[in-house]
Participant: 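If you scroll down you'll find the structure; I have some questions about it.
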Amino acid sequence: MKLVYTLLLPIIMLAHGGEKHENKNESPKKIEIKKKNDNIYSYINKEYIKNIKPIFEVKCFNCHSDKTKQYWYSNLPIVSSVIKKDIQEAKKHLNFSKDFPFKSHETPRKDLISILEVFEKRTMPPFRYRIMHSESEIIENDIEKIKIWVEKSLNLLK
């Protein structure tokens with residue numbers, strides 16, 4: 001049996017033929033654009049973590065992340081199902097668990113536009129959530145920080 005492995009080993013090692021594992025369908029230009037976008041996303045994410053994530057942790061994470069807190073009313077029969085449905089829907093639209101670019105059903109650019117829009121219109125957090133969670137109330141300073149970050153990020157993504 002050792003003899004078989006000894007004879008087959010050189011064949012197995014050479015069978016690969018030195019083929020590279022690049023995606024042959026991906027042009028060098030596409031690869032260059034992807035690297036550029038990765039660098040831009042990395043920069044946007046650093047700014048997000050530094051300036052925006054602390055706001056989102058208080059205002060958004062309870063519904064838009066995997067870090068949902070359970071409150072005393074979370075286990076009440078009807079309320080529980082409404083909360084679970086709301087959280088599932090929220091995370092489907094935008095999930096902040098993995099930082100930027102966020103997990104969502106849109107592009108990073110569209111996510112940024114949507115984030116700014118909901119904060120400027122003050123439609124997030126929803127009123128029924130704010131009733132029970134006063135800490136989630138958006139203040140002008142938060143909106144201004146978010147606006148600066150979004151506008152700077154959108155300019156980078158052009």
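For this chain, numbers begin at 1 and follow the sequence in order. This structure is a prediction, so every number in the text was calculated from the model and none was measured.
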Participant: Quick one: NZ on Lys121 to CG on Leu116, what's the gap to the nearest 0.5 Å?
Facilitator: 10.5 Å

Participant: Looking at CD of Glu47 and OG of Ser42, how far apart are the two atoms once the value is rounded to the nearest 0.5 Å?
Facilitator: 10.5 Å

Participant: Group every Ile, Leu, Val, Met, Phe, Trp and Tyr by side-chain heavy-atom contacts under 4.5 Å, then state whether Ile78 and Ile83 land in the same group.
Facilitator: no

Participant: Does any N or O in the side chain of Lys59 come within less than 3.5 Å of the main-chain N or O of Glu135, such that one atom is a donor and the other an acceptor?
Facilitator: yes

Participant: Using the side chain to side chain contact (heavy atoms under 4.5 Å, CB included) criterion, which residues pair with Lys50? Sequence neighbours excluded.
Facilitator: none

Participant: Could you work out, with side chain to side chain contact (heavy atoms under 4.5 Å, CB included) as the rule, every residue matching Glu106, not counting sequence neighbours?
Facilitator: Ser104, Lys110, Asp111

Participant: Sequence neighbours left out, what passes side chain to side chain contact (heavy atoms under 4.5 Å, CB included) with Pro125? Give chain and number order.
Facilitator: Tyr129, Arg130, Ser136, Ile138

Participant: Ignoring hydrogens and angles, write down the donor-acceptor pairs under 3.5 Å from the side chains of residues 68-77, residues two or more places apart or on other chains.
Facilitator:
unit_1: Thr68; atom_1: OG1; unit_2: Asn62; atom_2: O; d: 3.1
unit_1: Tyr73; atom_1: OH; unit_2: His133; atom_2: NE2; d: 2.5
unit_1: Ser74; atom_1: OG; unit_2: Tyr71; atom_2: N; d: 2.8
unit_1: Ser74; atom_1: OG; unit_2: Tyr71; atom_2: O; d: 3.1

Participant: Mind checking the CG-CG spacing from Leu112 to Leu154? Nearest 0.5 Å is all I need.
Facilitator: 5.0 Å

Participant: With side chains defined as the heavy atoms from C-beta onward, is the minimum distance between Val150 and Glu120 less than 4.5 Å?
Facilitator: no

Participant: Assess whether side chain to side chain contact (heavy atoms under 4.5 Å, CB included) is satisfied between Trp149 and Asn51, documenting all intermediate values.
Facilitator: CA-CA 8 Å; Trp149 173 70; Asn51 299 312; 5.9 Å; no

Participant: Determine, using the 4.5 Å side-chain heavy-atom cutoff (strictly less than), whether Ile40 and Tyr43 are members of one ILVMFWY cluster.
Facilitator: yes

Participant: Looking at Lys98 and Asp66, does any basic side-chain N land under 4.0 Å from a carboxylate oxygen?
Facilitator: no

Participant: Grab the two heavy atoms, one from Asp142 and one from Glu137, that are nearest each other, plus how far apart they are.
Facilitator: OD2-O, 4.5 Å

Participant: Rounded to the nearest 0.5 Å, what's the gap from CD on Glu140 to NZ on Lys147? Could you check?
Facilitator: 10.0 Å

Participant: Using the side chain to side chain contact (heavy atoms under 4.5 Å, CB included) rule, take Phe61 and Lys53 through it: C-alpha gap first, then chi angles, then the decisive distance, then the call.
Facilitator: CA-CA 9 Å; Phe61 269 43; Lys53 188 174 183 176; 3.8 Å; yes

Participant: Rounded to the nearest 0.5 Å, what separation is found between the NE2 atom of His93 and the SG atom of Cys63?
Facilitator: 12.0 Å

Participant: Taking side chain to side chain contact (heavy atoms under 4.5 Å, CB included) as the test, write out the residues that go with Asn141, two or more places apart.
Facilitator: Ile139, Lys145

Participant: Once you measure the plane-to-plane angle for Phe102 and Phe96, does it fall in the parallel (<30°), tilted (30-60°) or perpendicular (>60°) bin?
Facilitator: perpendicular

Participant: How long is the span from the OH atom in Tyr48 to the OG atom in Ser153, to the nearest 0.5 Å?
Facilitator: 11.5 Å

Participant: Sequence neighbours excluded, which residues qualify as ring pair (Phe, Tyr, Trp, His ring centres under 6.0 Å) partners of Phe119?
Facilitator: Phe56

Participant: Given side chains that start at C-beta, do those of Asp86 and Glu89 come closer than 4.5 Å, heavy atoms only?
Facilitator: no

Participant: With hydrophobic residues grouped by side-chain heavy-atom distances under 4.5 Å, do Val58 and Ile52 end up in a single group?
Facilitator: no

Participant: Looking only at heavy atoms, what is the nearest atom pair of Pro54 and Ile49, with distance?
Facilitator: CD-O, 3.6 Å

Participant: For residues Tyr41 and Leu157, report the shortest heavy-atom separation together with the two atoms involved.
Facilitator: CE2-CD2, 3.5 Å

Participant: Is there a path of hydrophobic side-chain contacts, each under 4.5 Å between heavy atoms of I, L, V, M, F, W or Y residues, that connects Ile115 with Leu156?
Facilitator: yes

Participant: Are Ile44 and Ile113 grouped together when hydrophobic residues (ILVMFWY) are joined by side-chain heavy atoms under 4.5 angstrom apart?
Facilitator: yes

Participant: State whether the number of non-hydrogen atoms from other residues, nucleotides or ligands found under 6.0 Å of Lys103 atom NZ is greater than 12.
Facilitator: no

